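Keep in mind it's a predicted model, so treat the numbers as computed, not measured. A, B, ... follow the sequence lines: proteins, then strands. Residue 1 opens every chain.
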Amino acid sequence: MMKRTHYTTQLGVEQAGQDVVICGWVDTRRDHGGLIFVDLRDRSGIMQVVFNPEINLDAFHLAESVRGEYVVAAAGKLRLRPDETINPNIQTGQVEIYVDKMEVLNSSKTPPFYIEDGINVDELLRLKYRYLDLRRPEMQKIMMLRHRVVKEIRDYLDENGFMDLETPILMKSSPEGARDYLVPSRVHPGSFYALPQSPQIFKQLLMVAGFDRYFQIARCFRDEDLRADRQPEFTQLDMEMSFVDEEDIFGLVEEMMARLFQAGMGRIINTPFPRLTYAECMARFGSDKPDLRFGLEIVDVTDILGNSDFKVFSGAVAAGGVVRAINAKGCGEKFSRREIDDLGRLAIEYGARGMAWIVVTENELKSPITKFLKEDQIKGLLDRMQAEAGDLIIFGADSTEMVCRVLGFMRLELARRLELRHDEELNFLWVTDFPLLEWDDEEKRYVAVHHMFTSPKLEDIDAMEAEPAKTRARAYDLVLNGTEVGGGSLRIYQRSLQERMFSLVGMTMEDAREKFGYLMDAFEYGTPPHGGIAFGIDRLVMLMAGRDSIRDVIAFPKTQSAACPMTEAPSKVSLRQLRELSLKIREEKA
RNA sequence: GGAGCUGUGGUGUAGCGGUUAACAUGCCGGCCUGUCACGCCGGAGAUCGAGGGUUCAAAUCCCUUCAGCUUCGCCA
């Protein structure tokens with residue numbers, strides 16, 4: 001086999017005159033009868049190679065027989081193209097190779113879709129032939145970007161004293177959080193391993209072990225329903241540090257992000273990142289991961305409209321709820337009545353009982369509700385909302401939680417319709433002071449908002465039993481353009497505090513010992529104060545690549561039903577395998 | 001578990017009660033020495049996701065089902 005001398009895009013005007021060999025796939029072939037052009041594609045780009053019977057008749061005849069996606073090696077002299085045939089649309093458009101020898105290394109069937117960018121085919125087909133899909137230049141670029149990001153992470157953290165350590169994939173099932181993927185044990189009939197949802201406890205134990213700074217590009221597994229930005233197995237940058245506080249972690253992460261976006265996108269991002277507390281995020285944006293690329297803030301008008309004659313408002317407030325509103329600037333004239341009704345229907349889908357609205361015009365208010373409002377209430381409202389002619393004000397009235405939820409969604413929907421979300425903007429935000437616990441109505445107990453190893457804020461520790469819901473956590477999320485890209489916390493490192501935490505989420509000491517005895521034991525052998533954070537690499541790369549789906553940045557992703565169309569996993573296994581694992585599949589109902 | 005959208009030659013679409021199931025591209029053959037979305041001529045290629053029903057007649061209407069996608073719940 002001829003040995004490759006260059007990737008296609010390593011060849012340009014400066015290499016003209018050299019004898020070169022390139023290897024790749026036939027992208028297109030243009031046969032002019034007496035002259036054949038082939039665009040040869042490798043992972044770097046494409047190069048036009050020319051077959052002329054006067055240069056080499058054998059190569060010319062061979063070129064007549066090649067087809068799309070044949071794998072060939074082409075040797076010849078790199079020439080400058082005649083001026084009038086320069087192609088400015090490709091990187092190598094000023095040169096071409098006059099082939100005097102070609103080897104066909106392999107043939108190819110006609111692929112089921114075009115190997116080119118921007119194709120419009122069923123994603124199922126792309127996944128079934130993922131190796132062909134990944135051959136497309138845009139997918140090659142994404143995977144190279146992903147590599148670059150991971151490489152920069154490793155370099156940056158190594159330079160900052162972090163050690164890359166591995167933690168088990170077969171581990172113990174943990175009671176809280178997402179559903180575990182389970183792996184039956186052959187040698188322990190009836191017992192199961194769980195695949196990690198995150199290396200959380202192990203990385204904390206690495207801190208106990210004294211490694212001080214740890215990171216891992218870790219695969220994590222959660223057996224929950226999929227979304228465009230959620231896969232059952234995904235990759236996290238997991239890190240943990242000893243002897244640090246929030247400021248240390250934020251500073252380190254900000255510098256790392258700046259470096260990643262510089263390397264990955266050539267973008268300069270400003271540090272430090274702004275910070276908002278969870279409470280402020282919920283009040284102003286109705287979300288704990290607000291997109292701050294646009295305004296459309298939520299405004300509380302409970303004091304103005306809470307005792308109005310409009311029963312929906314007064315009723316909500318009487319039940320302990322709130323009335324809040326968003327001024328959708330300019331939407332009063334932009335949106336038709338039909339579009340406003342559409343928004344109302346959407347609000348109901350998100351859990352609202354309805355959506356009151358007011359359109360402000362030059363000399364009147366159009367609204368189904370103004371007839372219930374007194375003049376001073378209307379004036380107070382318009383004032384508070386800074387309403388002008390052309391505006392649309394939409395309302396949410398219900399429990400605080402529901403109003404945040406619904407108006408938070410409506411805010412995003414409005415931004416979508418007004419096209420306020422600009423892809424080129426990069427808006428980072430730290431969200432801090434999350435609640436430590438929240439009440440779970442189904443389980444009738446408090447559950448950890450972040451996880452059970454998160455430290456309460458020091459000033460809230462004394463009152464955590466008295467007022468669990470008001471206790472704040474030393475937890476933080478990093479949000480980019482409304483997407484949560486990372487989250488972490490300072491951890492509990494004292495046995496007594498950890499025990500209090502377990503009991504707050506309703507675990508008995510026996511439960512705690514059985515599930516986490518090893519961790520509590522470890523806390524008694526000199527555990528340093530520590531904390532960390534984890535980032536969704538897939539989401540991060542997705543945002544950098546400007547993609548809408550996490551599947552586009554994972555080489556071999558799963559479909560919405562967590563299946564792989566290429567390998568057809570998951571699959572049935574033999575009875576013998578089941579027997580070895582002491583498992584029995586429940587009979588299907590006839 | 002719920003809601004919505006989609007499923008027609010290899011691919012992408014049109015057709016939405018009676019068509020020879022149309023178009024583009026790809027594929028195959030022929031011609032062509034400067035193309036790069038090459039061009040020109042010719043050809044092959046579809047039991048319309050699956051099953052059932054309504055009808056004289058179903059790609060088209062109805063029901064069921066499967067798959068994919070989006071989304072709510074869920075995802076510490």
Side chain of [X] only, please: which of [options] is the nearest?
X      : options             : answer
A:L124 : B:G68, B:G34, B:C38 : B:G68
A:A228 : B:C38, B:G34, B:U71 : B:U71
A:F409 : B:C72, B:G34, B:C36 : B:C72
A:A178 : B:C69, B:C75, B:C36 : B:C75
A:R551 : B:U11, B:U33, B:U70 : B:U70
A:D39  : B:G12, B:U70, B:C36 : B:C36

Round to the nearest Å and state the distance from [X] atom [atom1] to [N] atom [atom2].
X      : N     : atom1 : atom2 : value
A:N120 : B:G7  : CG    : C1'   : 14 Å
A:I115 : B:A37 : CD1   : C1'   : 16 Å
A:L132 : B:G10 : CG    : P     : 17 Å
A:R29  : B:C28 : CZ    : C1'   : 12 Å

Between [N] and [X], counting only base atoms on the nucleotide and side-chain atoms on the residue, is there a donor-acceptor pair under 3.5 Å?
X      : N     : value
A:R81  : B:U35 : yes
A:D122 : B:G12 : no
A:Y98  : B:G34 : yes
A:E349 : B:G73 : no
A:Y129 : B:G10 : no
A:R230 : B:C75 : yes
A:R67  : B:G26 : no

Test salt bridge (charged side-chain N to carboxylate O under 4.0 Å, His left out) applied to A:R547 and A:D423, step by step: CA-CA 10 Å; A:R547 289 282 164 160; A:D423 287 346; over 6 Å; no
Ring-on-base stacking B:U35 with A:H32 (under 5.5 Å, under 30°):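 No; by the centre-distance and plane-angle rule, A:H32 does not count as stacking on B:U35.
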A:F113 over B:U11, stacked by centroid distance under 5.5 Å, angle under 30°: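 No; centroid distance or tilt outside limits.
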Classify the ring geometry between [X] and [Y] as parallel (under 30°), tilted (30 to 60°) or perpendicular (over 60°).
X      : Y      : answer
A:F434 : A:Y278 : tilted
A:W439 : A:Y446 : perpendicular
A:Y131 : A:Y129 : perpendicular

Sticking with atom [atom1], work out how far [N] lies from [M], rounded to a whole angstrom.
N     : M     : atom1 : result
B:G18 : B:G2  : C1'   : 40 Å
B:U20 : B:C38 : P     : 36 Å
B:U71 : B:A14 : P     : 23 Å

More than 12 heavy atoms of other groups within 6.0 Å of A:R338 CZ: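 Not more than 12 within 6.0 Å, no.
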CA sep, side-chain torsions, deciding dist, call: A:K203, A:D238, salt bridge (charged side-chain N to carboxylate O under 4.0 Å, His left out): CA-CA 8 Å; A:K203 70 175 173 177; A:D238 191 53; 2.7 Å; yes
My understanding is that a pair needs two contacts under 3.5 Å, Watson-Crick or G-U wobble. By that rule, which nucleotide pairs with [N]?
N     : answer
B:A67 : B:U6
B:A59 : none
B:U11 : B:A24

